[in-house]
Q: 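There's a structure below that I have some questions on.
Chain letters run A, B, ... following the sequence lines, proteins first and then strands; every chain starts at 1. Everything numeric here is computed off the predicted structure, so don't read it as measured data.
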Amino acid sequence: MTTETTIEQPLFKKVLIANRGEIALRILRCLQSLEIPSVAIYHYSEERSPLLTQADEAIEIIGDSPSAAYLDVAQIIEICQRLGVDAVHPGYGFLSENAKFAVALAEAGIQFIGPTHQSIDLMGDKINSRNFVAERGFPVPPSVTMDADSPEFIDAIKEMTFPLVVKASAGGGGKGMSIVNSIDELEATLRVAASEAEKYFGDKRVYVERYFESARHIEVQVLGDGKTVIHLGERECSIQRRFQKVIEEAPSPALDQTKRKELCEAAVGIAQAANYTSVGTVEFLYTPQGEFFFLEMNTRIQVEHPVTEMVYGVDLIAAQIKVAAGLPLDLAQADIVMNGHAIECRLCAEDAFNNFIPETGKVLFLKEPAGEGIRFDSSLYSGQDITTSFDPMLAKLVVHAATREEAIAGAIQGLKDLVLLGVNSNCEFLIKVLEHPAFLSGDIDTGFINTYSEDLTANGPEKDQLQAVLSATYLSDRETTLLNDATPQPYTAIGHWRN
Amino acid sequence: MQPKYLLNDNSHTVTPVRRNDTVTLSIDDQLVTVGYRRLNSHEAELTLKGKVRTVYVAQDEYKLYLHLDGKVWQLDRLNEFSEGSAGGASSGSINAPMPGVVIEIYSEVGQTVTQGDTVMLIESMKLQTEIKASISGVIQSIGVEPGSNFNKGILLAEIEAEETNTESEE
């Protein structure tokens, strides 16, 4: 991490963190390192979060549901005005890619720590952004765009090769997407797609593009100040389930230096064309033949940003805040040097061995993994209720090492050292993925979890292990220990106390 | 005290046999001798067949969580009453199949319902699911309210079977 320069005057008077969970704490640490006063917002269901005590000020927000509270633009702006906040960091999710929020803040004289609202608008619409990118000569996947209920839609699509993916133009983060394998499936999907897209995103336009079953998802981190755009290499994010990323790494095992340069320069070109200001991510599909196609651009800091930070030694959130404060980039492309390999695992409250059904519970005991090269981004605390009110992601384990092999080994060890009791997580599933020979070989694509689903199943205990588990359970069970402690004498004396 | 523990849907019996420096237990009718040293309220050292393992434990009533050999094990202690009375096919208890939120409740306490009637509508993983009456009878209790979040396994509603008259419903 960089940013240890002396700052004579803080970049902002006060920054409000319009988010929760691990990213809110991550932003808070960054504000502290930049000596910027902070304001946290919280829903009462999270009033015991460490964020509240660590931020300079913490204000409760009210909503019909916990997540609605974090989406309440008017309420957040009112808090900013009341407390003299002059900038807002939106994190990821919630209001981070909401152009209306950026506009409302600007009208109130508050800086949105992110790109301009024009960039959010342009890149937030999948159809417009694809057209924008294609017009500038960058490759996009073959596709057809139309109102889903338009009668010519099916005819236009008949020319294309299956499988296809149907996407809502206004969708994002894996929502509003489905894969279809035949014309019948396509007709059925289109019938519901338009109404669903309108219901969830207020925009019924959908588009259909070729779905590459064995393609990788590779994305490039960019950073721009409105004049210059630089890249900080790529991240490989092919390990996904239902379009949700599970494990990410940097650099991608698929790219050599020539391909890396080609891909990263395309990303810089796209961001430059959009006069991009702030951190952003250009996502590509990468085929086994080495072709790449623009997928979309994310105009926010991403969940998986730490792998880039660890490989390039740059604090991306600090860089984002500096650009938002109007400073020019203090990094040139030549300063960006890759060092080693980093892997991130998303720890989620879900039953990964049973259709990823969400798990709930209470954090009864937590021991975070630690050690050289290990970063654990989390806002977990003892006694925390894990509910379905928010996204199931609990924490991120990020491991940096000299080589990919060492980073994988470190991540496996870190996951085994992590002790989280009281809510079931996907920890064992993550270990299974990391230990899989195909993952180790680096030969991965977005179908990985489906392809190897038979290998990615829970192991029952071995006999000795079962006996160890049951003995420890019995000997730690408060019910039995209370009883045993109360009756020590007869218990020892009885000896064979069996029927 | 002869507790039974449920692990991955299998139930296991653990019975104390002897306790000296080590503890002898009968686990599923096999004798096992272990050393168990509590280090603090959540950490212990377990010795079994010469192998020493660090164990982390936590408990929420009948639910026990252990971390051992690099992974978490979750067990439920079954008490004498839970077997046979809850969860069976003929049970009137409707437990939540997964965590979620209540959208709407269509029944009230005291109401007579027929097996298959929709009692409430829940949402989980962005999917709405109808919760149906498991048996015909009278609703004894409803454990949730519209809008409330619930965890997997909690009692959503309880129906008491009608003693008579079930045949003439249709």
Q: If you count heavy-atom pairs within less than 4.5 Å of chain B, which of Pro392(A), Ala458(A), Ser425(A), Pro461(A) leads?
A: Pro461(A)
Q: Using non-hydrogen atoms and a 4.5 Å limit, figure out which bit of Asn149(B) sits close to chain A: side chain, backbone, both or neither.
A: side chain
Q: Checking the side chain of Gln59(B) only, and the main-chain atoms of Arg478(A) only, is there a donor and an acceptor separated by less than 3.5 Å?
A: yes
Q: Can you measure from CH2 (Trp73(B)) to CD (Glu428(A)) and round to the nearest 0.5 angstrom?
A: 7.0 Å
Q: What part of Asp64(A) lies closer than 4.5 angstrom to a heavy atom of chain B: side chain, backbone, both or neither?
A: neither
Q: What part of Asn8(B) is in contact with chain A, defined as an atom under 4.5 angstrom from a non-hydrogen atom: side chain, backbone, both or neither?
A: side chain
Q: For chain A, which candidate among Lys49(B), Lys63(B), Lys152(B) shows the most heavy-atom pairs at distances under 4.5 Å?
A: Lys49(B)
Q: If I take atom OH from residue Tyr65(B) and atom CG from residue Asn424(A), how far apart are they, to the nearest 0.5 angstrom?
A: 5.5 Å
Q: Do Gln74(B) and Glu359(A) come within less than 4.5 Å of each other through their side chains, counting heavy atoms only?
A: no
Q: List the steps, then state whether side chain to side chain contact (heavy atoms under 4.5 Å, CB included) holds for Leu475(A) with Arg19(B).
A: CA-CA 11 Å; Leu475(A) 293 167; Arg19(B) 169 171 252 170; 3.7 Å; yes
Q: Evaluate Ser471(A) against Leu46(B) for side chain to side chain contact (heavy atoms under 4.5 Å, CB included), listing each step before the verdict.
A: CA-CA 8 Å; Ser471(A) 331; Leu46(B) 180 82; 4.2 Å; yes
Q: Need one label for Val423(A): side chain, backbone, both or neither, based on atoms under 4.5 Å from any heavy atom in chain B.
A: backbone
Q: Among the options Ile431(A), Leu418(A), Leu420(A), pick out the one with the most heavy-atom pairs lying under 4.5 Å from chain B.
A: Leu418(A)
Q: Are any side-chain N or O atoms of Tyr474(A) and backbone N or O atoms of Val14(B), one a donor and one an acceptor, separated by less than 3.5 Å?
A: no
Q: Considering only heavy atoms and a distance below 4.5 Å, find which of Thr47(B), Asn10(B), Asp60(B), Ile27(B) pairs most often with chain A.
A: Ile27(B)
Q: Could you tell me if the side chain of Gln467(A) sits less than 4.5 Å from the side chain of Leu25(B), heavy atoms only?
A: no
Q: With a 3.5 Å cut-off and no angle check, do the side chains of Gln465(A) and Lys71(B) form a donor-acceptor pair?
A: no
Q: As an exercise, state the distance from NZ of Lys4(B) to CG of Leu470(A), rounded to the nearest 0.5 Å.
A: 13.0 Å
Q: Can you see which heavy atom on Leu66(B) is nearest to which on Val469(A), and at what distance?
A: CD2-O, 3.7 Å
Q: Examine whether an atom of Tyr5(B) lies under 4.5 Å from a heavy atom of chain A, and if so say whether it belongs to the side chain, the backbone or both; otherwise answer neither.
A: side chain
Q: Apply side chain to side chain contact (heavy atoms under 4.5 Å, CB included) to the pair Leu466(A) and His12(B), showing each step before the final yes or no.
A: CA-CA 10 Å; Leu466(A) 177 64; His12(B) 303 277; 3.7 Å; yes
Q: Report yes if the side chains of Ser476(A) and Tyr36(B) come closer than 4.5 Å at any heavy-atom pair, otherwise no.
A: yes
Q: Any carboxylate oxygen within less than 4.0 angstrom of a Lys/Arg side-chain nitrogen, looking at Asp477(A) and Arg77(B)?
A: yes
Q: Just so I understand: if I count every heavy-atom pair under 4.5 Å between each of Val57(B), Leu7(B), Asp28(B), Val55(B) and chain A, which residue has the most?
A: Val57(B)
Q: Passes side chain to side chain contact (heavy atoms under 4.5 Å, CB included), Glu479(A) versus Glu61(B)? Steps please.
A: CA-CA 9 Å; Glu479(A) 188 110 329; Glu61(B) 294 179 27; over 6 Å; no
Q: Side chains of Pro99(B) and Thr387(A): does their closest heavy-atom pair fall under 4.5 Å?
A: no
Q: Would you say His67(B)'s side chain and Asp417(A)'s backbone share a donor-acceptor pair under 3.5 angstrom?
A: no
